[in-house]
Amino acid sequence: MKNVGIITFHCANNFGAVLQVYALMETIQRLGLNCEVIDFKPQNIVQSYSTFIDFKYYIKQRGLIRSIKLQLVKLLNYKSNTIKTRNFNNFRNEYLQLSNKTFYKTSELFNYCDDYDYCITGSDQVWNPQFTQDYTDAFFLKFVSERTTTISYAASTGLELDTIKYNYYKELLRDIEKISVREKSAKKFVDKLTNRKVEVVLDPVFLLGKNHWNELIKSDMQKRDYILVYDIASNPNVIEIANKIAREKDLDIISYSRNKAYINWEDSFSTDTPNAFLGLIKGARYVITSSFHGTAFAIIFNKHFYTVPHLETGNRMIDLLEDLSLTDRLIKRYDNSLNLNTEIDYDRVNTQLDMLRKKSLDFLTSSLNVDSQSIEKFDMKDEIV
């Protein structure tokens, strides 16, 4: 049986980060291959979610005063950070097949990963220079052996990259044999750098359907009808939309943040388990989000939702909603006259999603040389329900 290794941001305590890698790993395993997540923990990601900072690292990055302020903020949030870290670690331990060894530096990867037949970078913003500037060789698979087939699945740059970076990225992409990206803007950029076919594919969370995600929900949310607001970054448009619906429908608000501007606010889910997050999406009357994966799971669970795209990294949300003919759910600027009661034709959306999903699976199975029998065992119709 062939062996597959995935490298991505699985160590981030972020719902989208852990659920997307779970989905990709689970899909590959269900296609009949051995698959594990390479337990790579870059310092910049680990430190972002740690309770205590590494002063030597942060002083070099941000200076002494900013480092002290950051540690004070972390101490004020000690309890919530501890709960959140425990919940995410429990999810990773239960649901992710991690490599036997943990790696903290790119150099440590070079002598370990010779046994992989295939190595995949992605999904997530693994090619965003803001996140990976010290770890580019890792996320562009420079550590794998010559016998290993290199693949990117739904890799994202996060930002639109300028022409100055062409030569830099051209060299990084040279040895990746099968390339797919998540956004159309990334495809345009990569197309200019390579002479190979570059595919745009769905984020891995769409490879598993609602039936599968339901299995991860450990209990139904027994709450009064509510709006779920996934607001990682504060956005006044998100607040206005949520409050308008809460007033008109007499609904509670459950949000990621603890922003006091929300009316009928009930609770925050920022420290919840990924399983509970899925349950909250499933049980919501409305979903209001500035998150890509908030948008993705609202679509998977066929929810009434609105998306306010991030100013810098919003292309991924816009591309997804354009592909599914859902641009009416996209609100870039709040207007009090907006009609927030229009329904979504999910029969049409699910049909379009099914076609995009088949295309994405075709790329994955072709890149992994999966035989037709294994593909037949992967029941696409059951997954999309």
Which is it for D323 and K184 under the salt bridge (charged side-chain N to carboxylate O under 4.0 Å, His left out) test, yes or no, and what are the steps along the way? CA-CA 10 Å; D323 287 341; K184 296 172 188 174; 3.1 Å; yes
Going by distance alone, is a donor N or O of one side chain under 3.5 Å from an acceptor N or O of the other, for R329 and T342? yes
How about W127 and F140: are their ring centroids closer than 6.0 Å? yes
Any side-chain donor-acceptor pair under 3.5 Å between D39 and H10? yes
Heavy-atom check, side chain of K178 versus side chain of F363, under 4.5 Å: yes
Do T85 and T82 have a side chain donor and acceptor closer than 3.5 Å? no
Same hydrophobic cluster for V46 and I38, using side-chain heavy-atom links shorter than 4.5 Å among ILVMFWY? no
Side chains of K84 and N89: do they bring a donor and an acceptor to under 3.5 Å? no
Is a salt bridge present between K244 and E248, judged by a nitrogen-to-oxygen distance below 4.0 Å? yes
Shared hydrophobic cluster, V238 / I263 (ILVMFWY, side-chain heavy atoms < 4.5 Å): no
Please determine whether a side-chain nitrogen of the Lys or Arg among R174 and E171 lies less than 4.0 Å from a carboxylate oxygen of the Asp or Glu. yes
Check the hydrophobic clustering (I, L, V, M, F, W, Y; side-chain heavy atoms under 4.5 Å; chains of links allowed) and say if Y104 and F139 are grouped together. no
Between N264 and Y226, is there a side-chain donor-acceptor contact under 3.5 Å, judged purely by atom types and distance? no
Around atom CG of N100, are there more than 12 heavy atoms of other residues, nucleotides or ligands at under 6.0 Å? no
For Y22, the option from F15, F88, W213 that meets ring-ring contact (aromatic ring centres under 6.0 Å, His included): W213
If the plane angle is over 60° it's perpendicular, under 30° parallel, otherwise tilted; pick one for H293 and F297. tilted
Side chains of N87 and N13, donor plus acceptor under 3.5 Å: no
Indicate, with yes or no, if F301 and Y346 share a hydrophobic cluster defined by side-chain heavy-atom contacts under 4.5 Å among Ile, Leu, Val, Met, Phe, Trp and Tyr. yes
On a heavy-atom basis, which atom in Q20 and which in T8 lie closest, and how many Å separate them? NE2-OG1, 3.1 Å
Side chains of H304 and V287, heavy atoms from C-beta outward: is any pair under 4.5 Å? no
Going by the angle between their ring planes, with limits at 30° and 60°, are F110 and F143 parallel, tilted or perpendicular? perpendicular
Where is the tightest heavy-atom contact between I227 and A242, given as atom of each residue plus distance? CD1-O, 3.5 Å
Atom pair CE (M25) and CG (L96), whose distance is rounded to the nearest 0.5 Å: 5.5 Å
Does a donor on one side chain sit under 3.5 Å from an acceptor on the other, for Y334 and N235? no
N34 versus N3, side-chain donor and acceptor atoms under 3.5 Å: yes
Flag the pair D117 / T149 as yes when at least one side-chain heavy-atom distance between them is below 4.5 Å, and no otherwise. no
Tell me, do P309 and L330 make a side-chain contact under 4.5 Å, heavy atoms counted? yes
Heavy-atom count check: over 12 atoms from other residues, nucleotides or ligands less than 6.0 Å from R147 CZ? yes
Do the two ring centres, one from Y230 and one from Y256, sit under 6.0 Å apart? yes
From E26 CD over to L216 CG, what is the distance, rounded to the nearest 0.5 angstrom? 8.5 Å
Is K218 salt-bridged to E94, going by a charged N under 4.0 Å from an acidic O? yes
Answer with yes or no after comparing the ring centroid distance for F277 and F91 against a 6.0 Å cut-off, counting only values under it. no
Atom of N243, atom of A261 and distance for their closest heavy-atom approach: ND2-O, 3.1 Å
We want to know whether S255 and W265 form a side-chain donor-acceptor pair, criterion being a heavy-atom distance below 3.5 angstrom. yes
Considering all heavy atoms, the nearest I6-G122 contact: CG2-O, 3.5 Å
Taking only Lys NZ, Arg NE, NH1 and NH2, and the carboxylate oxygens of Asp or Glu, determine whether D354 and K358 approach each other closer than 4.0 Å. no
Nearest atoms (heavy-atom pairs only) where I300 meets V205: CD1-O, 3.4 Å
Donor on one side chain, acceptor on other, T289 and T295, under 3.5 Å: no
Taking NZ, NE, NH1 and NH2 as the nitrogens, is one of them in R224 or D250 under 4.0 Å from a carboxylate oxygen of the other? yes
State, with a plain yes or no, whether a side-chain heavy atom of V190 is found less than 4.5 Å away from one of Y169. no
Check whether any side-chain heavy atom of V144 sits under 4.5 Å from a side-chain heavy atom of L109, and report yes or no. no
Think R357 forms a cation-pi with F206, using NZ or CZ under 6.0 Å from the six-ring centre and within 45 degrees of its axis? no
Between CG of L368 and OG1 of T27, what distance do you get to the nearest 0.5 Å? 10.5 Å
Going by atom types alone, do Q43 and Y135 pair a side-chain donor with an acceptor below 3.5 Å? no
